[in-house]
Protein chains: 2
Amino acid sequence: MITEMYEIQAGLFKALMHPARLAILDILRQGEECVCHMEALLGYRQAYISQQLMTLRKVGLVEDRRDGWNIFYRVTRPDIYAVIDAMNEFVGQKPALAAHSTRLREEKCPCPKCNLATEAVGN
Amino acid sequence: MITEMYEIQAGLFKALMHPARLAILDILRQGEECVCHMEALLGYRQAYISQQLMTLRKVGLVEDRRDGWNIFYRVTRPDIYAVIDAMNEFVGQKPALAAHSTRLREEKCPCPKCNLATEAVGN
DNA sequence: TCAGGATATACACATTTTCGAATGTCATTT
DNA sequence: AAATGACATTCGAAAATGTGTATATCCTGA
């Protein structure tokens with residue numbers, strides 16, 4: 001059937017159809033990050049972010065890895081960014097967080113990865 | 001606000017989130033086509049296609065032009081295909097209709113554009 | 001084993017999307 | 001002007017999605 005592959009694609013577009021999920025994927029450009037980090041960065045509540053991560057997990061766009069208290073998420077197939085970047089081109093803008101990448105480590109986050117960074121700065 | 005541009009992008013992804021709309025956009029790769037043509041090609045009912053076209057129109061992806069009885073649609077900004085092609089790459093497949101492009105003129109469609117083609121073949 | 005931190009899941013409800021059926025609109029032909 | 005062809009729009013019900021609140025799970029440290 002001709003529509004079969006359109007449905008696969010539509011399913012992936014559906015996962016990209018949400019602002020919060022786009023923001024999360026943008027954060028994950030720099031590699032894996034813990035949930036508490038996205039929480040601090042995006043200002044959403046924990047359960048909300050967890051729900052969006054679940055959606056991304058269901059379509060196989062992200063994977064998680066537990067490390068002690070924290071769970072780190074990473075993008076499974078980075079070539080999804082080709083799609084997102086093409087859309088960035090289309091709307092004529094750069095990824096929002098890329099422009100604010102300094103914020104990525106400035107936000108308070110209790111996870112060891114972030115504390116490592118802030119300790120280096122000397123908090 | 002950081003989420004503002006994510007919402008714009010999400011809105012466009014939302015338009016691409018539907019199999020029928022992806023199929024329509026795929027048909028429009030070869031230039032403008034009338035509604036009856038998509039009807040014949042895709043096998044959907046007229047109102048259904050019209051609804052999907054309305055969605056694409058609302059986000060500015062397609063424009064229409066009346067010519068007598070028929071209304072021809074065309075893609076406003078062809079660079080949207082960069083996004084779709086990136087997704088094609090991601091799922092590792094070619095556009096379905098491109099593989100069936102011979103069908104594009106084989107289907108029966110009453111519009112003058114199609115009859116022009118079939119007359120040339122000598123029906 | 002118990003308390004607590006980090007995260008996931010369940011549930012409920014409002015909103016949106018989907019899609020069929022009916023109807024409306026506009027241009028053309030007679 | 002009436003009939004007809006090609007499309008568009010509206011309406012309504014079912015399904016899916018969005019999001020807040022509550023609760024469960026899993027790990028760690030005491």
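Computed from heavy atoms alone, side chains included, the values below leave out hydrogens, waters and symmetry copies. Chain letters run A, B, ... following the sequence lines, proteins first and then strands; every chain starts at 1.
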request  = Check the pair B:Leu22, A:Glu7 against side chain to side chain contact (heavy atoms under 4.5 Å, CB included), reporting the backbone distance first and the verdict last.
outcome  = CA-CA 9 Å; B:Leu22 289 174; A:Glu7 279 167 15; over 6 Å; no
Check this one for me: any side-chain N or O of [X] less than 4.0 Å away from OP1 or OP2 of [N]?
X       : N      : value
A:Arg21 : D:dT17 : no
A:His18 : D:dT19 : yes
A:Arg66 : C:dA6  : no
B:Arg65 : D:dA6  : no

The residue, A:Lys14 or A:Tyr73, whose nearest nucleotide of DNA chain C is more 5′ is A:Tyr73
Would you mind reading off the distance between [X] atom [atom1] and [N] atom [atom2], rounded to a whole angstrom?
X       : N      : atom1 : atom2 : answer
B:Leu56 : D:dA8  : CG    : P     : 12 Å
B:Gln52 : D:dC7  : CD    : P     : 16 Å
B:Asn70 : D:dG5  : CG    : C1'   : 9 Å
B:Leu53 : C:dC19 : CG    : C1'   : 15 Å
B:Tyr44 : C:dA21 : OH    : C1'   : 18 Å
B:Ile71 : C:dA27 : CD1   : C1'   : 10 Å
B:His37 : D:dG5  : NE2   : P     : 21 Å
B:Phe72 : D:dA8  : CZ    : P     : 12 Å

- Salt bridge between A:Asp85 and A:Arg29, side-chain N to carboxylate O under 4.0 Å?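 Salt bridge: yes.
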Check your understanding: Is there side-chain contact between B:Leu56 and B:Val75, with at least one heavy-atom pair below 4.5 Å?
Key ->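 Sidechains of B:Val75 and B:Leu56: no contact.
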| message | Within the 4.5 Å heavy-atom criterion, are A:Leu12 and B:Met87 side-chain neighbours or not? | response |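 A side-chain contact under 4.5 Å exists here.
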Touch check for A:Met17, heavy atoms < 4.0 angstrom, all strands: base, sugar-phosphate only, or nothing? sugar-phosphate
Under 3.5 Å, is there any donor-acceptor pair linking the side chain of B:Gln51 to the base of D:dT10?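 Per atom types, the contact qualifies.
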Record whether the side chain of B:Gln46 comes under 3.5 Å of the base of D:dA8 through a donor-acceptor pair of N or O atoms. yes
Winner on side-chain proximity to A:Trp69, out of C:dA6, C:dT7, D:dT9, is C:dA6
Q. With a cut-off of under 6.0 Å to the ring centre and 45° to the axis, is B:Arg65 in cation-pi contact with B:Tyr73?
A.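 No - B:Arg65 does not lie over the ring of B:Tyr73 by the 6.0 Å and 45° rule.
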